[in-house]
Amino acid sequence: MRDAAPASPSETVYLKDYAPPPVAVRHVALRFRLDPEATRVVARLDCERTGDGPMVLDGEGLKTLRVEIDGAALPFADLIDGHRMTIPETPDRFVLETEVEIAPVRNKALSGLYMSNGMYCTQCEAEGFRRITWMLDRPDVMATYDVEIEADLPVRLSNGDEAGPGRWHDPWPKPTYLFALVAGNLVATSDRFTTMEGRDVALNVWVRPGDEGRTGFAMDALKRSMLWDERVWGRAYDLSVFNVVAVDDFNMGAMENKGLNVFNASYVLASPETATDTDYAFVERIVAHEYFHNWTGNRITCRDWFQLCLKEGLTVYRDQQFMADTRSAPVQRIGEVLTLRARQFREDAGPLAHPVRPESFVEINNFYTATVYEKGAEVIRMLRVLVGDAAFERGAQLYFERHDGEACTIEDWLACFEEASGRDLAQFALWYSQAGTPRVTVRESFADGTYRLEFGQAVPPTPGQTEKRPMVIPLAFGLLSEDGREIAPTQVFELTEATGSLEIAVAERPVPSMLRGFSAPVILDAGQSDADRLVLLAHDTDPFARWEAGRALSKDRLVRHAAEGRAFDAGWLDAMHRVATDAEADPAFRALALSLPSEDDLAQAVHEAGVVPDPDRIRATREAAQRALAERLGDDLDALRAACRVKVPYSPDAADAGRRSLAGVLLRLRTRLDGGEAARVAYAEADNMTDRMAAFACLLEAGDPSVAAAFEADWRHDRLVMDKWFSAQVSHAAPDVAVAVAETLIRRPDFDPSNPNRFRAVIGALAGNMAGFHRADGSGYRFVAERLVEMDATNPQMAARLSSAFSTRALWDADRQAMMRDALEQLAREAGSRDLREMVGRMLAD
Ligand code: B3K
Ligand code: ZN
């Protein structure tokens with residue numbers, strides 16, 4: 001199933017080449033006779049000519065047994081060339097029937113039909129359906145489905161409504177990528193939901209026997225998502241059953257198959273003993289996200305894969321809104337920005353930068369990126385700011401009315417908002433086509449009662465895009481007085497040219513609070529003074545801007561320490577102390593304000609300051625800063641920790657989670673002073689996984705040799721908790737031993753690299769341990785590259801995804817750059833898959 005040849009231009013698919021298919025498939029009837037080694041699939045396609053030219057079907061790794069048109073056999077061997085079957089001529093209306101054999105048990109790529117712990121399951125997005133049977137495997141071919149599953153297994157599921165044992169009918173036309181089948185020995189937690197249209201819906205969360213006790217939160221999140229989508233977007237569910245299945249071996253988080261969402265078990269199963277608050281939040285968010293796809297993705301889908309952000313950016317925007325409504329909106333927003341900067345800004349700044357709507361790809365699975373998802377969501381957030389809430393809502397409803405049942409483009413989406421708002425969105429559309437994070441500068445002056453702001457924007461060059469045009473950038477800002485009063489509430493300045501300016505009449509020189517709520521995904525240089533930042537940190541009414549001021553103060557201190565060896569000043573430490581002890585502020589906010597910028601963030605900032613970053617030095621700086629903070633907090637540390645104590649029984653709600661989060665940050669600081677004494681007590685006393693993991697991390701960082709064995713003794717029976725155990729040991733290992741720790745872990749019998757969660761727990765964690773991965777001797781690079789080559793032979797998607805660890809090459813010193821290049825060249829030589837070859841090719845192309 002692997003392609004042998006290197007990536008060549010002929011493998012590249014271009015947006016500009018899009019052409020509709022000449023044949024529509026109106027209905028698909030599938031019959032499966034499941035067998036691990038020899039599953040038979042009979043597919044009957046009701047087809048109709050819609051244009052001229054041959055019918056080209058996709059198929060990969062199929063043993064073809066029969067191809068017939070209207071009952072007459074075709075000489076299929078002559079028609080098949082690699083992964084294509086070309087039928088030169090067809091009647092206007094016809095039935096194409098094929099029969100193939102596949103071996104799910106041998107499918108380790110986890111794309112198509114595969115097996116996980118004895119259960120059959122599928123993953124078809126983006127192009128996995130072709131590994132099940134011959135079909136026009138493209139999103140603009142939408143059909144209704146009938147599915148029949150023969151197997152000696154108690155549970156047999158597919159999309160749509162149940163039409164008898166093992167038989168399913170899906171009345172809603174859908175593309176192949178939303179097809180799903182699950183069969184196995186599963187048990188359900190069940191509930192019901194009545195939609196606003198009066199439809200009674202059976203809800204089931206299917207898991208392996210033994211896991212039933214951990215499904216309650218996912219079910220609750222599902223019901224709340226259904227209600228929220230009705231209330232906020234007017235979208236109701238449209239089948240009589242909604243099934244969710246937890247699968248152990250899954251490449252990503254989850255998949256929105258129509259009526260049959262398949263989830264990585266780690267994003268469904270949650271109990272206080274085994275899941276952290278972060279896990280709970282992921283379960284809630286991903287359940288919501290996949291459910292919301294039912295309208296944004298399933299009922300209205302993408303014309304082609306270049307339009308991926310049409311469903312993903314929009315659905316992320318919707319899940320973010322849901323989380324903001326469900327939890328603390330400011331804390332959610334800060335978290336979103338942290339993720340955007342850590343993942344998307346990093347992507348945008350390196351060789352993997354691409355527009356929110358890419359214009360070409362070799363392997364579409366390489367474009368399920370932070371840019372398509374997270375920046376895609378930011379673009380929608382900006383659209384809302386620009387057209388206003390009322391026009392946004394009208395535009396969204398118009399989109400649902402006009403395009404229900406269709407496969408659409410970004411142009412279709414934007415046209416609805418142009419119509420609803422009367423506004424020309426041509427310049428706004430640049431957000432979809434221009435890659436790179438815009439840099440915005442702001443300079444201020446004040447004289448004679450006039451405050452003047454001057455803005456500038458520049459979008460940096462990115463691969464394949466050297467020239468950039470000015471974008472429309474909504475900059476939300478407010479003004480405070482120097483003693484912290486708000487003197488101008490939030491307003492939005494639209495920067496549409498390379499430069500722009502604004503004058504406001506005010507009596508005194510104000511303190512500007514810029515980019516409130518992070519109103520645009522840009523890098524802002526406001527040239528702000530420490531004095532202004534301290535005012536904002538103490539008084540800003542916009543929680544994001546308040547947090548941002550503190551973050552800027554901290555980042556500045558840590559960068560100067562790492563780059564110039566400058567000591568931490570009392571002004572900063574006092575400000576941090578005030579935030580920590582501000583009893584009025586939400587504990588979750590305080591936890592975020594006290595958390596220092598990550599090592600990755602600091603490496604990028606040191607690089608931007610014109611100094612080559614040294615990973616060990618950055619690590620040491622962060623350690624020193626934590627120690628200095630801990631010393632400044634002094635006795636308050638323990639008092640604050642005590643005040644964070646949360647009532648029992650455990651609740652995953654935002655308020656309690658916020659207290660646990662602050663307690664975790666404080667414990668980390670405490671550990672810098674007592675070598676792990678408080679963490680040992682916290683570990684012993686922990687009655688939930690959040691507190692336990694926080695203490696475990698502290699003890700690992702303190703170099704406690706016994707804690708890993710103690711944890712393992714308690715949890716070796718639990719695969720999801722053991723993923724945390726694997727991951728934490730690598731993430732929190734000292735830089736000089738991180739590779740050795742990872743090497744020891746992968747030799748254990750319970751390290752199964754074919755399980756993506758376990759593979760990520762070790763290899764992904766090492767790539768994320770900055771000073772461990774970037775060892776000066778290159779051992780981190782070699783270790784990760786070797787594992788990726790091994791992984792590529794069975795699961796190319798996984799290997800390609802983790803290969804982005806090498807995308808930060810340009811940040812580092814010449815020796816590291818050379819060693820990273822060596823690792824990439826090794827990957828280029830030894831990569832068999834199109835997936836990994838494309839990624840490596842992009843990372844080497846400079
Ligand atoms: N749509 C899926 C992701 C599919 C990834 C394919 N490589 C999950 C989601 O975004 O909801
Ligand atoms: Zn999605």
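Bear in mind the structure is a predicted one, so any value in this text is a computation, not a measurement. First listed ligand is number 1; within each ligand, the first listed atom is number 1. The basis for the numbers below is simple: all heavy atoms, side chains too, and nothing from hydrogens, waters or symmetry mates.
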Quick one: look up the protein heavy atom nearest [atom] and list residue, atom name and how far away it is.
atom: atom 1 (N) of ligand 1; answer: Glu125 OE1, 2.6 Å
atom: atom 11 (O) of ligand 1; answer: Glu290 OE1, 2.7 Å
atom: atom 8 (C) of ligand 1; answer: Ala254 O, 2.9 Å
atom: atom 7 (N) of ligand 1; answer: Asn365 OD1, 2.8 Å

Distance-only side-chain donor-acceptor flag, [X] / [Y], under 3.5 Å:
X: Gln123; Y: Ser111; answer: no
X: Asn257; Y: Asn159; answer: no
X: Asp325; Y: Trp228; answer: yes

Between [X] and [Y], is there a side-chain N and carboxylate O pair less than 4.0 Å apart?
X: Asp58; Y: Arg138; value: no
X: Arg303; Y: Glu411; value: no
X: Glu284; Y: Arg224; value: yes
X: Arg333; Y: Glu336; value: yes
X: Lys375; Y: Glu312; value: no

Tyr368 N/O under 3.5 Å from ligand 1 N/O: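 No; the residue has no nitrogen or oxygen that sits under 3.5 Å from a nitrogen or oxygen of the ligand.
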Test your reading of the structure: does Gln123 have an N or O sitting under 3.5 Å from an N or O of ligand 1?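 No, there is no polar N/O contact under 3.5 Å.
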Report yes or no: does Glu290 have an N/O/S atom closer than 2.8 Å to the Zn ion (ligand 2)?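 Given the 2.8 Å cut-off, Glu290 does not count as a ligand of the Zn ion (ligand 2).
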Residue [X] vicinity, atoms of ligand 1 by number, heavy atom under 4.0 Å:
X: Lys311; answer: 1 (N)
X: Glu256; answer: 1 (N), 2 (C), 8 (C), 9 (C), 11 (O)
X: Met252; answer: 3 (C), 4 (C), 5 (C)
X: Gln797; answer: 7 (N)
X: His293; answer: 9 (C), 10 (O), 11 (O)
X: Met255; answer: 1 (N), 2 (C)

Return the name of the atom in His289, of element N, O or S, nearest to the Zn ion (ligand 2).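 For His289, the N/O/S atom sitting closest to the Zn ion (ligand 2) is NE2.
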Give the atom name of whichever N/O/S atom in Glu312 sits closest to the Zn ion (ligand 2).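 That would be atom OE1.
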Using heavy-atom distances, let me know which of Tyr291, Tyr373, Tyr177 sits nearest atom 3 (C) of ligand 1.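 Among Tyr291, Tyr373, Tyr177, the closest heavy atom to atom 3 (C) of ligand 1 belongs to Tyr373.
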For Arg719, run the salt bridge (charged side-chain N to carboxylate O under 4.0 Å, His left out) check against Asp249, Asp211, Asp752 and tell me which one passes.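 Between Arg719 and the candidates, salt bridge (charged side-chain N to carboxylate O under 4.0 Å, His left out) is satisfied uniquely by Asp211.
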Looking at Asp170, Asp238, Asp161, which hits salt bridge (charged side-chain N to carboxylate O under 4.0 Å, His left out) with Lys258?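 In the set Asp170, Asp238, Asp161, the residue that makes a salt bridge (charged side-chain N to carboxylate O under 4.0 Å, His left out) with Lys258 is Asp238.
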